Amino acid sequence: MNAVEIEQAITELAELPFDVAEFPFAFLESFGNKATAIKKLRSGTSNKSDIDGVLQANHIHLKTCDAGQVPQTLSDLKGSKATQTKRNKVRFLLATDGETFEAEDLITGETVSCIYDDFPNHFVFFWPLAGLSKTKQLSESEFDVRATLRLNKLYTTLRADNPDWEKRSHDMNHFMARLIFLFFAEDTDILNGEDLFTNTIETLANADGSNTHEVISELFRAMNTDYPDRDAANLPRWATPFPYVNGGLFSGSTEVPKFSRIAQRYLTHIGHLDWTKINPDIFGSMIQAVADEEERSTLGMHYTSVPNILKVLNPLFLDDLRDHLDQAGDNRQKLKNLRTRMSNIRVFDPACGSGNFLVIAYKQMREVEFEINKRRGEAFDRSEISIRNFRGIELRDFSAEIARLALIIAEYQCDVTYRGQKDALADFLPLDRENWITCGNALRLDWLSICPPTGAGVKVKSDDLFETPLDQAEIDFENQGGETYICGNPPYQGSVNQTAEQKEDMRRIFAPVFKRYKDLDYVAAFMLAAARYNRLTGASSALVTTNSIVQGEQVAMLWPLIFQQQNKVSFAHKSFLWSNLASNQAAVTCIIVGLTISGGVRTIFDGGTSRSVEVIGPYLIPSTDQIVQKRSNALHSLSKMDYGNKPTDGGNLILSSVEKDELLEQYPHATDLLRKYVGSQEFIKGIHRYCLWIEDQQLTFALSIPEIQARVEKVKSLRSQSRGTQANKAAGSPHRFVFTPHTSETAIIVPQHFSERREYLTIGYHDGSRVVIANSASAIYDANLVDFSVLSSALHMSWLSAIGGRLKSDYRYSNTLVWNTFPVPKLTEKNKADLTRCAEDILLAREAHFPATIADLYKPDAMPQNLRDAHEANDEVLERIYIGRRFRNDTERLEKLFDMYTKMTTQVPS
DNA sequence: AATCCGACATCGA
DNA sequence: TCGATGTCGGATT
């Protein structure tokens with residue numbers, strides 16, 4: 001069962017008369033339990049309750065009771081032996097008498113206590129029963145979740161009932177936005193009379209929905225007719241209580257999709273929710289799920305949580321406003337100046353989605369303004385902060401509609417909170433005619449005309465911003481002297497996964513200024529566009545982006561361009577995990593980068609801490625904005641590191657330990673065709689795998705073994721069907737790895753990915769075993785132990801950590817980017833001998849713990865003392881070679897390494 | 001010829 | 001179901 005179905009089921013359950021005996025089973029059935037599971041509970045075979053209730057292991061212990069016994073029953077449940085039995089894993093307790101309803105979540109400690117009829121309002125509380133995960137955010141937004149789910153039902157029904165609207169998704173979206181406005185308006189006295197809209201429908205529309213569209217259409221017409229024109233408009237009497245709203249929302253077609261009986265029921269069903277509880281920032285982000293097939297199952301997948309939005313907005317400008325508020329104290333003039341300043345601040349989100357950044361920014365500013373007005377004794381004054389200064393661009397039509405609505409609702413709610421409902425109502429209608437949310441592709445629209453620059457001296461030609469600007473609106477200067485702040489969470493997409501259209505967007509932004517842009521993430525285009533806008537207008541920006549634009553190879557592609565635009569990093573949040581409402585969390589690690597062309601203190605935020613620095617570099621480290629370029633030859637004179645062997649075989653050339661044994665049992669001679677195959681995981685976790693390693697002269701023999709022949713055939717067909725040209729070419733020799741086949745007697749294996757929790761690189765030394773190193777690792781063939789010593793050092797780890805790429809936040813090792821760029825001083829023969837001995841000691845220390853895996857040995861909290869000592873000794877020797885003593889910390893290590901890197905790369909060749 | 005990446009992918013507890 | 005932690009092969013240079 002999905003969330004929509006659960007909501008429906010428990011709503012229906014609550015509407016039925018309460019049945020003491022049946023309720024527990026009906027309740028569990030609503031959450032998706034199968035009939036067989038219910039049957040087993042009923043018969044008692046799976047009911048573990050010891051107090052005559054129902055206990056479903058892993059889930060819930062619930063009991064119905066006589067009137068007035070709920071608190072006692074809940075405490076009985078809590079104290080019962082069965083609840084306390086660990087094996088039963090009870091998460092929820094629930095007691096009800098049909099009057100009141102009480103429940104407790106034993107994991108989070110949350111409780112619910114409400115009248116029985118209201119329990120469906122807490123259905124998110126029980127989501128884990130249906131295998132859906134609930135977040136704190138989600139449980140605090142029950143209304144928004146329910147409203148979204150119900151709108152979803154209505155939307156899909158209307159789509160199904162109106163196939164002729166298939167191609168008119170904009171009209172459908174606009175219609176939904178109008179409905180949402182009406183639901184909100186009728187519950188907030190914006191419409192005169194409680195539930196005016198829903199009641200009108202219920203009174204006038206036929207039960208089968210046959211004329212619903214006509215009724216609604218007339219209402220729309222009323223709301224689009226200003227009072228002077230009303231008499232002429234010939235409105236039916238029942239439509240006249242509906243006020244003039246317009247503001248673009250009700251202008252245009254009044255056509256309404258047709259309603260079936262079911263759609264009609266859903267409509268009134270939604271109307272009966274209490275829409276005063278709507279939370280525009282949260283609702284907006286969830287509701288995209290209504291119109292978006294892909295997001296339907298995820299409910300706000302790309303939703304940015306409020307704390308994360310504040311991580312952007314506070315350092316960008318809100319903190320500064322609050323500082324000025326503090327400084328102003330009770331000085332009336334200063335307070336007024338601040339208010340005037342705020343009225344000229346423009347907030348612009350070029351990928352605004354449903355507008356949650358804009359809504360939060362607006363709400364926060366209203367809070368500051370209210371404090372000003374309170375201190376000036378003008379608490380009930382009309383706000384000087386206009387929602388027209390909150391501008392956005394959004395690609396998806398439905399989101400764009402909702403963004404606008406969300407701002408309108410936020411404005412009303414702030415007015416109610418700060419000025420009282422009477423004043424809020426007086427100023428609310430009609431809505432502003434203009435729409436400040438533009439629906440379109442932000443990378444092809446001219447930001448300068450959508451959010452015109454501010455300040456008297458600015459004269460801009462839009463061609464500077466994009467290669468081919470679209471129609472540029474006349475630039476107005478109404479916001480003269482004001483500030484503009486760009487914020488948002490634009491879409492990320494790695495180069496491999498970009499759509500054709502996204503690639504074209506990238507080309508337009510980057511091609512005019514830079515050739516090697518194709519490996520950049522899509523979000524980089526927004527960064528550059530923002531940087532340009534900042535340069536041209538003096539604005540500042542802060543965007544949430546994937547962390548990959550401040551790591552690895554992308555740094556050298558993007559950041560010179562940002563610097564060219566005279567932008568500097570004003571503040572940054574280091575990597576944090578994305579969190580959203582979906583149960584399958586988007587696997588992405590984010591950063592926030594603030595850009596500005598102005599000076600000032602820079603701040604680096606990391607988790608809960610922050611520090612002020614003078615410069616923030618593109619790797620989000622302080623002190624240096626040096627960029628490290630990847631290189632194909634090394635800066636040092638240690639051994640060469642190569643990429644591992646790439647099979648491109650669909651797994652067909654690879655054998656597990658078991659498969660190998662089976663093969664050899666039947667064909668003992670095949671042992672000549674097999675080698676040990678070691679990638680990152682095999683090495684780190686001590687897994688044994690093997691690969692077919694067939695020399696050309698062995699081919700006839702190899703193919704005589706049916707098992708091998710089948711595998712080789714599969715490789716051939718897979719490679720020829722591949723989209724990769726290299727794979728196609730290698731289809732001709734399917735018995736071989738696709739390229740760089742290489743083995744040697746001794747080799748160092750360097751996993752390309754490994755856990756962020758390691759204190760040292762988890763590398764290995766293979767001696768005399770002719771292993772095949774996979775492309776999940778890099779390799780130094782015919783290696784020596786000096787290489788091993790350097791790779792094992794804390795110094796090398798800090799270099800990797802600072803400039804290397806990452807997968808999530810785990811380390812990603814690259815020969816070109818990390819090994820070849822690593823600065824090493826000239827090593828004497830004695831140095832080499834010392835380092836070799838240190839490397840041997842590390843290997844010996846590991847060996848002492850045989851058969852522990854590398855994963856075991858390098859667990860940060862369980863690293864054996866002798867291994868730690870061996871690494872310490874290695875660091876001691878190596879660091880003395882660098883500066884004659886140990887480094888004090890990583891900051892000092894990086895300072896030295898970057899210093900050396902700069903010197904070694906700027907030497908003029910003679 | 002050789003990678004560097006992944007609004008990820010895939011384990012096993 | 002969710003923490004933990006690194007596959008695999010394509011598009012790009």
Side-chain angles (χ1 to χ4, degrees), chain A residues 58 89 91 128 130-133 294-295 298 300-304 351 489-498 503 515-523 544-549 551-557 577-580 582-590 630-632 641-651 653-654 677 679-685 687 689 718-719 721-730 737-740 742 751-758 762 774-778 804-818 820 854-855 858-859:
Chain A
N58 300 325
K89 285 198 187 163
R91 171 155 189 184
L132 298 163
S133 68
E294 235 170 77
E295 293 203 32
T298 59
M301 180 168 106
H302 289 172
Y303 168 78
T304 317
N489 175 12
Y492 325 152
Q493 201 61 249
S495 63
V496 174
N497 299 318
Q498 286 161 15
K503 285 188 183 185
K515 279 195 289 260
R516 271 221 50 184
Y517 67 89
K518 287 186 178 169
D519 278 326
L520 280 167
D521 193 285
Y522 188 60
V523 79
V544 186
T545 78
T546 165
N547 61 358
S548 40
I549 64 166
Q551 290 156 7
E553 64 169 2
Q554 295 198 37
V555 170
M557 301 177 194
L577 259 183
W578 179 258
S579 72
N580 60 34
S583 57
N584 50 339
Q585 296 275 310
V588 58
T589 310
C590 296
K630 68 172 176 182
R631 43 191 305 147
S632 52
M641 188 183 292
D642 285 314
Y643 195 71
N645 294 290
K646 188 163 178 173
T648 318
D649 64 333
L653 296 177
I654 313 299
Y677 179 73
S680 294
Q681 194 163 195
E682 288 80 8
F683 168 65
I684 292 171
K685 296 184 185 160
I687 298 167
R689 287 212 289 173
L718 193 119
R719 284 187 188 166
Q721 279 164 37
S722 165
R723 282 180 305 176
T725 50
Q726 219 160 11
N728 296 155
K729 263 188 204 153
F737 277 36
V738 82
F739 67 85
T740 49
H742 201 134
Q752 276 173 22
H753 303 107
F754 54 92
S755 170
E756 60 170 329
R757 306 193 312 143
R758 310 291 181 216
T762 45
N775 71 333
S776 60
S778 298
R806 305 244 174 181
L807 177 53
K808 268 181 101 97
S809 50
D810 289 340
Y811 295 109
R812 161 174 278 157
Y813 197 89
S814 141
N815 51 351
T816 60
L817 213 49
V818 184
N820 289 347
I854 294 294
Y858 283 85
K859 278 198 183 116

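Values below: all heavy atoms of this structure, side chains included; hydrogens, waters and symmetry mates excluded. Values in this document were obtained by computation on a predicted structure and should not be read as measured data. Residue numbers start from 1 in every chain, and the chains themselves are labelled A, B, ... in the order their sequence lines are given, proteins ahead of strands.
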Problem set entry | Candidates B:dC4, B:dG6, B:dA7 - which lies nearest the side chain of A:Thr546 | B:dG6
For this session: Could you work out the separation of B:dC4 and B:dC8 based on their C1' atoms and round it to a whole Å?
Result: 14 Å
For this session: Tell me what A:Asp521 touches on the nucleic acid: a base, only sugar-phosphate, or nothing, going by heavy atoms under 4.0 Å.
Result: nothing
For this session: Remember a base hit wins even if backbone is also touched, and classify A:Asp810 as base, sugar-phosphate or nothing at under 4.0 Å, heavy atoms.
Result: base
For this session: Using only side-chain N and O atoms of A:Arg757, determine if any of them is under 4.0 Å from OP1 or OP2 of C:dA4.
Result: no
Exercise. Within the modelled atom types, does a donor on one side and an acceptor on the other bring the side chain of A:Asn497 and the base of C:dA11 under 3.5 Å apart?
Worked result: no
Exercise. Taking OP1 and OP2 of B:dC4, is either one under 4.0 Å from a side-chain nitrogen or oxygen of A:Asn815?
Worked result: yes
Exercise. Looking at A:Arg723, does any N or O in its side chain come under 4.0 Å of the phosphate oxygens OP1/OP2 on C:dA11?
Worked result: yes
For this session: For A:Arg806, report the nucleic acid contact type (base, sugar-phosphate, nothing); a contact means any heavy atom under 4.0 Å.
Result: sugar-phosphate
For this session: Please work out if A:Ser814 contacts a base, only the sugar-phosphate, or nothing of the nucleic acid, heavy-atom cut-off 4.0 Å.
Result: sugar-phosphate
Seminar exercise, completed: Separation between CD1 (A:Ile549) and OH (A:Tyr492), nearest 0.5 Å, reads 9.0 Å
For this session: Round to a whole Å and report the spacing from CG of A:Leu520 to P of C:dT12.
Result: 12 Å
Exercise. With a 4.0 Å cut-off on heavy atoms, is A:Asp649 in touch with a base, just the backbone sugar-phosphate, or nothing at all?
Worked result: sugar-phosphate
For this session: Would you please enumerate the stems DNA chain C participates in, each stem being three or more consecutive Watson-Crick or G-U wobble pairs with both distances under 3.5 Å?
Result: B:1-6 with C:8-13, B:8-13 with C:1-6
For this session: Flag the pair A:Ser548 / A:Arg806 as yes when at least one side-chain heavy-atom distance between them is below 4.5 Å, and no otherwise.
Result: no
For this session: Measure up the A:Phe737 and A:Tyr677 rings against each other and bin them: parallel (under 30°), tilted (30 to 60°), perpendicular (over 60°).
Result: perpendicular
Problem set entry | Candidates B:dA7, C:dG6, C:dG9 - which lies nearest the side chain of A:Ser680 | C:dG6
Problem set entry | Contact check, side chains of A:His742 and A:Asn645, non-hydrogen atoms, under 4.5 Å | yes
Problem set entry | Phosphate contact (B:dC5 OP1 or OP2) by A:Ser548 side-chain N/O below 4.0 Å | no
Problem set entry | Nearest listed nucleotide, side chain of A:Phe739, among B:dA2, C:dT5, C:dC8 | B:dA2
Exercise. Short question: side chain of A:Ser776, backbone of A:Ser680 - any donor-acceptor pair under 3.5 Å?
Worked result: yes
For this session: Flag the pair A:Asn775 / A:Pro647 as yes when at least one side-chain heavy-atom distance between them is below 4.5 Å, and no otherwise.
Result: yes
For this session: Look at A:Gln681 and C:dG6 and indicate whether a side-chain polar atom (N or O) is within less than 4.0 Å of OP1 or OP2.
Result: no
For this session: Scan A:Lys646 against the nucleic acid and name what it touches under 4.0 Å (heavy atoms): base, sugar-phosphate only, or nothing.
Result: base
Exercise. Picking from C:dT13, C:dG6, B:dA7, which would you name as closest to the side chain of A:His753?
Worked result: C:dG6
Exercise. Which of the following nucleotides, C:dT7, B:dA7, C:dA11, is nearest to the side chain of A:Leu807?
Worked result: C:dT7
Exercise. Will you find, in the side chains of A:Ser809 and A:Glu756, an N or O donor that is under 3.5 Å from an N or O acceptor?
Worked result: yes
For this session: Report the distance from atom CG of A:Asn820 to atom P of B:dA2, rounded to the nearest whole Å.
Result: 13 Å
For this session: Assign A:Thr816 to base, sugar-phosphate, or nothing according to its heavy-atom contacts below 4.0 angstrom with the strands shown.
Result: sugar-phosphate
Seminar exercise, completed: Distance col, row A:Asn820:CG vs A:Leu817:CG, nearest 0.5 angstrom, shows 9.5 Å
Seminar exercise, completed: By nearest-heavy-atom nucleotide on DNA chain C, the more 5' of A:Gln726 and A:Lys685 is A:Lys685
For this session: Spell out, as yes or no, whether a donor-acceptor pair under 3.5 Å connects the side chain of A:Asn728 to the backbone of A:Ser722.
Result: yes
For this session: Answer with yes or no whether A:Tyr813 presents, from its side chain, a donor or acceptor under 3.5 Å of a partner atom in the base of B:dC4.
Result: no
Exercise. Looking only at side-chain N and O atoms, does A:Arg812 come under 4.0 Å of OP1 or OP2 in B:dG6?
Worked result: yes
For this session: Find the distance A:Lys808:NZ to B:dC4:P and express it as a whole number of Å.
Result: 23 Å
Problem set entry | Integer-rounded Å distance: B:dA2 P and A:His742 NE2 | 11 Å
Exercise. Within the structure shown, what part of the strands sits under 4.0 Å from A:Phe754 by heavy-atom distance: base, sugar-phosphate, or nothing?
Worked result: sugar-phosphate
Problem set entry | Any A:Thr648 side-chain nitrogen or oxygen under 4.0 Å from OP1 or OP2 of C:dC8 | no
Problem set entry | A:Arg516 side-chain proximity, nearest of B:dT3, B:dA7, C:dT13 | C:dT13
Problem set entry | Rounded interatomic separation in angstrom, taking CG from A:Asn775 and P from C:dG10 | 11 Å
Exercise. Hey, does A:Lys503 reach any base, or is it just sugar-phosphate, or nothing, if we go heavy atoms under 4.0 Å?
Worked result: sugar-phosphate
Exercise. Within the stacking criterion (centroid distance below 5.5 Å, interplanar angle below 30°), does A:Tyr492 stack on B:dA7?
Worked result: yes
Exercise. Under 4.0 angstrom, heavy atoms only, what part of the nucleic acid is A:Ile684 near: base, sugar-phosphate, or nothing?
Worked result: sugar-phosphate
Exercise. Whole Å only: how far is the CZ atom of A:Phe737 from the P atom of C:dC8?
Worked result: 10 Å
Exercise. B:dT3 and B:dA7: how far apart are their P atoms, nearest whole angstrom?
Worked result: 23 Å
For this session: Name the nucleic acid region contacted by A:Ser632, choosing base, sugar-phosphate or nothing; use a 4.0 angstrom heavy-atom cut-off, strictly under.
Result: nothing
For this session: Please tell me if the side chains of A:Asp521 and A:Gln554 come closer than 4.5 Å, counting only heavy atoms from C-beta onward.
Result: yes
